[in-house]
Amino acid sequence: MDIRFYNTLTNSVQTFQPVDAGCVRMYSCGPTVYDFAHIGNFRSFLFADVIRRTLEFFGYRVHHVMNITDVGHMTDDASADGGGEDKMEAAAKRMKADKKSGKVTAGAVENPDDPYQIAEYYTKAFLEDAQTLGLRVAFEPDNILKATQNIDTMQEMIATLIQRGHAYVGPDGVVYYSVESFPDYGKLSGNTLDRLLTGAGGRISQENQSAKRHPADFMLWKADRHHIMKWDSPWGTGYPGWHIECSCMARKRLEKDVIDIHTGGEDLIFPHHECEIAQSRGATGADAFARFWMHARFLMVEGEKMSKSKGNFWTVRDVLEGRATGVKVHPAVLRLELIKSHYRANMNFTRKGLQDSAGVVKRLTDFRSKLEAASGGKSEPADLSHPVLKEFAEALADDLNIAGALGAVLPWAASVPTDPAMALGVLNRINDVLAVAPLATAESSAADDSDDSDGILQLCQQLDKARAGRDYATADRIRSEITAAGYDVKTSPQGTVAQKRLA
RNA sequence: GGGGCGGUGGCGAAGUGGCUAACGCUGCGGAUUGCAAAUCCGCCAUUCGUGGGUUCAAAUCCCACCCGCCCCUCCA
């Protein structure tokens, strides 16, 4: 079956073919570790995870890597030659405040003035969140790449770019990439040099551009002894530009000049990915860096753009622990909510959507239980000759149409299959992609189920007793007590069972 | 100003030339229940942003217009 993906590079849906039939190489722009990752970040990361799992579903071996940006970049170093406050320093301030308020556990970060400790703290938090949400790459330490551990590779590439005439040292001592040396600059984003000049609404000219040959030239290395994280280099002690790490780490870890897929959020199309292409192709001379560039659109929250000032800026932890919606949310529910609509449309994160997703997770989970009971836990290997799996696969192959794929799965999950072992095999393959029923996570997430389950069990028994004695007033009171504790109550002749609500 | 994405029932969301426009939620009717919840059965868009056009046939193609969103500035 042909797999077709939308490629930002060509603005069209194309049939996917890896460079090397034996292995798909993909790179995903990961988080900056100055703060906890939010659900918008994770929409993009989970989108990458779904691509990876889809390719694996179709039998490809996938080498997926993700970077961790732990270099302390400046708050507005993207357009000019660096400026504003260092993000790591800003994080240090926040960290100190959080330690005082108890938001960050006392022993977690010994010295907030040490940027490496801050980066380490948030990196660990990110990987925990990523594992909780079933991001496969987060379970592969070798494929999580840290910028600070690859500075030497970046310096090598910068030297190559200078040598090949793609970069120069400006009069201010900063190493810049010369966009005019790369004719394809702008091909990915549509922001070609002539358009950038005429269309930027005057923003470009306001900046201090005097050291650059072209206003769109971007920084590769800046000597700055005062920067909080700095390294020695032929161009002075300082720090790398914010685009260079991805070009270098992708090539180094994936061991190819041309990779298959590069993913990120839509905001990264320009300038970040445009600059990565210029760097990589400038250094390698290849006619491509990644063959497919895939971008997830932004997430909205209750119809509004997520922003700190609106107070709708939710981290993964906020949602799971109930600070976003007032109800604790199972990780599988959040995962499904973030992957279930098409990645190329803005998705609206809502409380109602979360409840819908909870219903779907419950249905799939219940279906699995029924199948396991009926088949004795045995599953038959399933292939695409099964109509449900075929429809599921066709939807996925059509540019990751998860909604369409669910449209095939959900009615089936409400049916009673004649061959439960085969159905279980089908469900297993479906769940290899969706990873919501069950969600394979770090052990930590299941823990909070047990804390009050003894009490709930007792209440269920009391409820049965009251019902047996036809004391319905008491029975109703107990039932609302269990419900209020966040459980769904199922009464039956076999006895009452309480099930924790997923969201 | 430049570069993109999208407008389908109360809500979310598939479908890109031709069966009665998927699927999920909500709602309604029924079974079940002490009453509920859960579950099961059934029903719910003559219509696809607007106006034209092409065609035997269009939500799907063409033209025009309206609206929303994103990027071009730190951001996934």
Side-chain angles (χ1 to χ4, degrees), chain A residues 6 8 11 28-32 34-35 37-48 73-80 84-85 87 90 186 188-192 194-204 206-207 216 242 263-272 274 295-300 303 305-308 313 337-338 340-342 344-348 350 352-353 355-360 362-363 366 391 395 398 401-414 416 467 470-473 475-476 479-480 482-483 487-493 496-499:
Chain A
Y6 183 90
T8 307
N11 286 325
S28 297
C29 280
T32 52
Y34 317 124
D35 204 345
H38 55 71
I39 53 176
N41 298 128
F42 267 94
R43 154 118 139 140
S44 162
F45 304 149
L46 287 170
F47 150 66
H73 289 295
M74 307 305 265
T75 46
D76 50 79
D77 68 351
S79 50
E85 190 181 17
K87 288 183 194 162
L188 178 73
S189 61
N191 291 329
T192 50
D194 52 322
R195 284 173 180 151
L196 275 174
L197 282 174
T198 56
R203 268 180 290 220
I204 279 179
Q206 288 164 14
E207 293 163 9
W242 75 299
T263 74
E266 62 174 319
D267 57 317
L268 296 184
I269 297 171
F270 189 87
H272 187 54
E274 196 71 75
H295 297 96
R297 299 248 100 86
F298 267 124
L299 173 107
M300 316 286 283
K305 187 172 174 172
M306 190 164 62
S307 72
K308 283 187 175 160
F313 196 92
E337 179 62 15
L338 291 175
K340 77 178 177 188
S341 64
H342 195 90
R344 268 190 306 119
N346 291 119
M347 82 148 286
N348 192 12
T350 61
K352 185 174 181 299
Q355 283 164 344
D356 278 8
S357 294
V360 171
K362 185 178 182 313
R363 181 183 287 194
D366 289 351
E391 208 181 326
D398 180 18
N401 183 358
I402 299 278
L406 285 171
V409 173
L410 292 178
W412 173 67
V416 182
R467 291 185 71 229
R470 295 177 183 268
D471 180 1
Y472 294 123
D476 289 348
R479 183 165 61 203
S480 41
I482 303 174
T483 305
Y487 287 76
D488 287 327
V489 182
K490 281 205 268 191
T491 51
S492 77
T496 298
V497 176
Q499 224 176 15

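Proteins come first, then strands; the chains are lettered A, B, ... in the order of their sequence lines, and each starts at number 1. In this text, all values refer to a predicted model and were calculated from it rather than measured experimentally.
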Item to check | Pair partner, B:G68 [Watson-Crick or wobble, under 3.5 Å] | outcome: B:C5

Checklist entry - What does B:C40 pair with, Watson-Crick or G-U, if both distances are under 3.5 Å? => result B:G30

Checklist outcome for this item: Here the distance between atom C1' of B:C70 and atom CZ of A:R43, to the nearest Å, is 11 Å

Next on the checklist: Using the P atom as the point on both nucleotides, what is the distance between B:C48 and B:C43, in whole Å?
Outcome noted: 24 Å

Checklist entry - Considering only the C1' atoms, how many Å lie between B:G7 and B:U16, rounded to the nearest integer? => result 15 Å

Checklist entry - When only distance counts, do a donor and an acceptor, one from the side chain of A:R467 and one from the base of B:C35, lie under 3.5 Å apart? => result no

Checklist entry - Looking only at side-chain N and O atoms, does A:Y6 come under 4.0 Å of OP1 or OP2 in B:C5? => result yes

Item to check | Nucleotide-resolved protein contact map, nucleotides 6-19 of chain B, B/S/- at heavy-atom distance under 4.0 Å | outcome: S----B-SSS----

Next on the checklist: Please confirm whether the shortest side-chain N or O distance from A:N191 to OP1 or OP2 of B:G3 is below 4.0 Å.
Outcome noted: no

Next on the checklist: For the P atoms, the ones on B:U47 and on B:U39, what distance do you get once it is rounded to whole angstrom?
Outcome noted: 33 Å

Checklist entry - Are A:D476 and A:R479 close enough for a salt bridge, meaning some N to O gap below 4.0 Å? => result yes

Next on the checklist: Can you check the distance between B:U73 and B:U54, where both ends of the measurement are the P atom (answer in whole Å)?
Outcome noted: 45 Å

Item to check | C1' spacing across the pair B:G4 / B:G12, given as an integer number of angstrom | outcome: 24 Å

Item to check | Base-pairing assignment for B:G24 (Watson-Crick or G-U wobble, both under 3.5 Å) | outcome: B:C11

Item to check | Distance, P atom - from B:U46 to B:G42, rounded to whole angstrom | outcome: 22 Å

